[in-house]
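To keep things clear, I will list the structure first and then write my remarks on it.
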Amino acid sequence: MTKSEVWQYFIKEGNDVICNKCKKAVSGLNTTNLWNHLNHSHPEIYKLTEHSKKKQGDGELDEPPTKKAKQHTLQAAFGVSNRQEQDNKFKNLILEFIIDNNLPISIVESETFKNLVRFNSPDIKIPSRQEITYTLIPKRANSVKKNITESLANQKIALTTDTFSNKSNSLICVTSSWLTRDFQLKNRVIAIEPLLEHHTGVNISERIQKILTEFNVDLNDIVLMTRDGASNMEVACRKLNIPSLHCLCHILHLVVKMVIMKHIEVFGSVARAQAIVNSFKRSPSASHELRILEGDDARSLLLGIETRWNSFFHMLESVIRAMPYLRVYGETYKNAATNAIKMVSEGDVSIINTLLPLLKLFEDATLILSAEKASISCYLYVIKVLTRALESLEQSSDSELIQVLAREAKADLTERTEGCFEMESLKIAAFLDPRIKQRALLFEADKWREIENTVIEKLVNLKSDNDTAQGIQNNDATTVRDSNCNVVTNNPWDVEDSNDACAFVTLRDELKAEIALYIKAERLNVINPLDPGHSNVYGWWRKHRSSFPNLAILAREYLAPSPSSCASERAFSKATLHYSNKLRSRLKPTLSGQILMIQTDLADKRRNKDRYFYYAEEPDDEDLELYSLDI
């Protein structure tokens, strides 16, 4: 291979190339850099070379120019053909990235963020903070609001609501749930926004009314609202004339608080265990020393928070698990944590060990009720099972203390839930749940027959209302009947047919036959905390809705409400992260509400992916089977 003439002007010294004329080092060993050096630093020499002459005459160079790799176009990167479409898609992706990850809007002004975005697409235009704040967020929030409004149209929906307050923020949340025709459970956060007024029942009812009006929700389409037991929430629901239900998780939490705080020796033992956890939480060095002692068994001590469900159970469980290591720590070190450990006596440990099985019953019940697809159909059943479990614990325990605690817990639970067993919606929901139907643990046979009659009357009235509505719309309708079996018609020459007079009797017979088949149909596995089977209920109805078309109408309505206000609590968890971010301290309430609406919409879309699970068991004679409580 012929050596390029450029080398007569340079000399190679190791990995460097030195110019003979100026004695400067030229980077790289390729001839292109050498020719460029001659052209820019020694043009008088460069003009005399063959390279210069060839270039001027478009001759062939010593080395062909390197072919540059093509930059990916934005259209190829984002899979769109129109520049405006790809700009909008990119802006929406940036918006979702910021909101879903709880980032400050000002991140788009960060140089490192710009470098990251432009790594593959240098010509991309990043939206400004002002564009995101005043254009993209309001536009997206309005789109979300429109989609939710369309989803809720012509639906029988259930609601949950709750309020949240801390030192700097006060929020109200309203969530909705409903079942589609193919029994997909849908959950949407309708609103989570600041509540700056006093939390009176009147103010809360007015705010809920305003929220529902904005989404075109008719109060008559609301099946049930699940709320906490605060008096202001009860007043708000009464003002709105909406049937409401006390969140069962809240009730169980109140029972646990009563059990712990009523007995001084129990409260003292729990308080001393809490002091141990607090001492380690306040000292990173003490926590590190304890983890070294625990080795592979190291797990965090959990803090007990009075307002968090089952928080004290998890705290006490973590303390008992770590107690052998805590004793060693107390003998090895001397600090505040050591003093807290020494305050816990063997008697305290015995009381805590005695208390844990009782608290575990409430933990299991809460797991069932707070599951994502839980229905009010399990509300009464969980109460019955928990009551039976407390009775068994009282009778089987040798500890006088646990006997007293179990008896008092059962009495308090019974008192707080006594009226629930007369709620029509809860009874019908339990009847329509293929896990629970006809179980003797919940109701005796006479009570189940009474519920069957209630279901029949509901369906008769429902069909009567539908027929009347159709008769009003269709002027040519001739035999539309009211609830008293009287013919309603606009044609005075219509003569009542003798067969028509028995139409309602025939309908009742038809409904009774359908109910009889439903009772004999396969029954799902009994509820348990590890696998509550909530999804299986909807899968069962999806499979059998054509076999029981009339009951399926009621099932869509009565299986949609939630037994707890967990949907609102989950939304508050997201909102707390949003408001606790100091980089977002300048956000105004309106903008915060829009961001939270978009954020919860993104979470809802992920959560509402269709999943069906289905399995069943044949009915058996054991109706007293309980969920993993060993009673």
Side-chain angles (χ1 to χ4, degrees), residues 228-230 246-282 300-323 326 340-370 382-383 385-418 529 564-566 569 629-631:
D228 64 23
H246 190 172
C247 166
L248 188 50
C249 289
H250 277 96
I251 293 176
L252 301 184
H253 181 65
L254 293 174
V255 175
V256 169
K257 282 178 64 177
M258 182 279 300
V259 167
I260 292 175
M261 295 184 176
K262 184 175 181 180
H263 296 271
I264 187 74
E265 66 272 29
V266 175
F267 179 76
S269 298
V270 172
R272 285 185 282 275
Q274 178 81 313
I276 292 178
V277 179
N278 289 338
S279 64
F280 281 97
K281 292 294 183 184
R282 285 194 293 262
S300 297
L301 292 172
L302 303 178
L303 195 63
I305 300 174
E306 186 178 347
T307 56
R308 186 174 295 170
W309 303 337
N310 301 306
S311 176
F312 285 109
F313 167 72
H314 295 296
M315 183 267 291
L316 295 174
E317 194 177 45
S318 70
V319 170
I320 291 298
R321 180 199 58 78
M323 187 54 68
L326 291 172
I341 293 170
K342 291 180 178 179
M343 291 294 293
V344 177
S345 66
E346 290 303 320
D348 291 326
V349 173
S350 177
I351 289 175
I352 293 172
N353 279 320
T354 301
L355 183 62
L356 282 175
L358 176 68
L359 300 184
K360 181 66 167 62
L361 299 180
F362 288 88
E363 159 77 356
D364 286 346
T366 304
L367 285 175
I368 292 171
L369 297 165
S370 59
V382 168
I383 295 173
V385 171
L386 185 54
T387 303
R388 179 67 65 87
L390 291 170
E391 289 176 358
S392 178
L393 189 62
E394 178 189 354
Q395 295 167 5
S396 62
S397 177
D398 297 330
S399 168
E400 185 178 346
L401 176 61
I402 197 65
Q403 291 174 6
V404 172
L405 295 179
R407 184 164 55 249
E408 292 180 350
K410 184 187 70 171
D412 194 45
L413 176 62
T414 301
E415 182 180 350
R416 293 178 184 275
T417 60
E418 189 175 10
S564 74
S565 57
C566 281
E569 301 290 350
L629 295 178
D630 298 325
I631 67 171

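Only a predicted model underlies this, so the values are computations on that prediction, with no experimental measurement involved. Residue numbers start at 1 and run along the sequence shown.
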*In Å and rounded to the nearest 0.5 Å, what is the CG to OG distance from L303 to S311?*
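Going from the CG atom of L303 to the OG atom of S311 covers 6.5 Å.
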_From L252 atom CG to N310 atom CG, the distance as rounded to the nearest 0.5 Å_ =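 L252 CG to N310 CG: 8.0 Å, rounded to 0.5 Å.
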Under a 4.5 Å cut-off applied to non-hydrogen side-chain atoms, are [X] and [Y] in contact?
{"X": "W309", "Y": "E569", "value": "yes"}
{"X": "L254", "Y": "I251", "value": "no"}
{"X": "F313", "Y": "E317", "value": "yes"}

Taking all heavy atoms of [X] and all of [Y], pick out the closest pair and write down the distance.
{"X": "L326", "Y": "V319", "value": "CD1-O, 4.0 Å"}
{"X": "L361", "Y": "L386", "value": "CB-CD1, 3.7 Å"}
{"X": "F312", "Y": "Q274", "value": "CE2-NE2, 4.2 Å"}
{"X": "I352", "Y": "S269", "value": "CD1-O, 4.0 Å"}
{"X": "M315", "Y": "V277", "value": "CG-CG2, 3.9 Å"}
{"X": "A273", "Y": "L316", "value": "CB-CD2, 3.8 Å"}

*salt bridge (charged side-chain N to carboxylate O under 4.0 Å, His left out) involving R282 - partner list, sequence neighbours excluded*: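 Listed in chain order: nothing, the list is empty.
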Could you tell me whether a side-chain N or O of [X] sits under 3.5 Å from a main-chain N or O of [Y], the two making a donor and an acceptor?
{"X": "T387", "Y": "I383", "answer": "yes"}
{"X": "S318", "Y": "L301", "answer": "no"}
{"X": "D348", "Y": "S345", "answer": "yes"}
{"X": "H246", "Y": "R416", "answer": "no"}
{"X": "T366", "Y": "F362", "answer": "yes"}
{"X": "D412", "Y": "E408", "answer": "no"}
{"X": "S397", "Y": "S399", "answer": "yes"}
{"X": "H250", "Y": "D228", "answer": "no"}
{"X": "S370", "Y": "C249", "answer": "no"}

*Check each of Q395, E391, E394 against R407 using the side-chain hydrogen bond (donor to acceptor under 3.5 Å, both in side chains) test, and report the only one that passes.*
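With R407 as partner, side-chain hydrogen bond (donor to acceptor under 3.5 Å, both in side chains) holds for just one option, E394.
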_As a test of understanding, state which of L356, L401, I402 forms a side chain to side chain contact (heavy atoms under 4.5 Å, CB included) with I351._
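It is L401, the one option of L356, L401, I402 that forms the side chain to side chain contact (heavy atoms under 4.5 Å, CB included) with I351.
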*Under 6.0 Å from the CE atom of M343, do we count more than 12 heavy atoms belonging to anything else shown?*
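No, CE of M343 has 12 or fewer neighbouring heavy atoms, counting only those of other groups under 6.0 Å.
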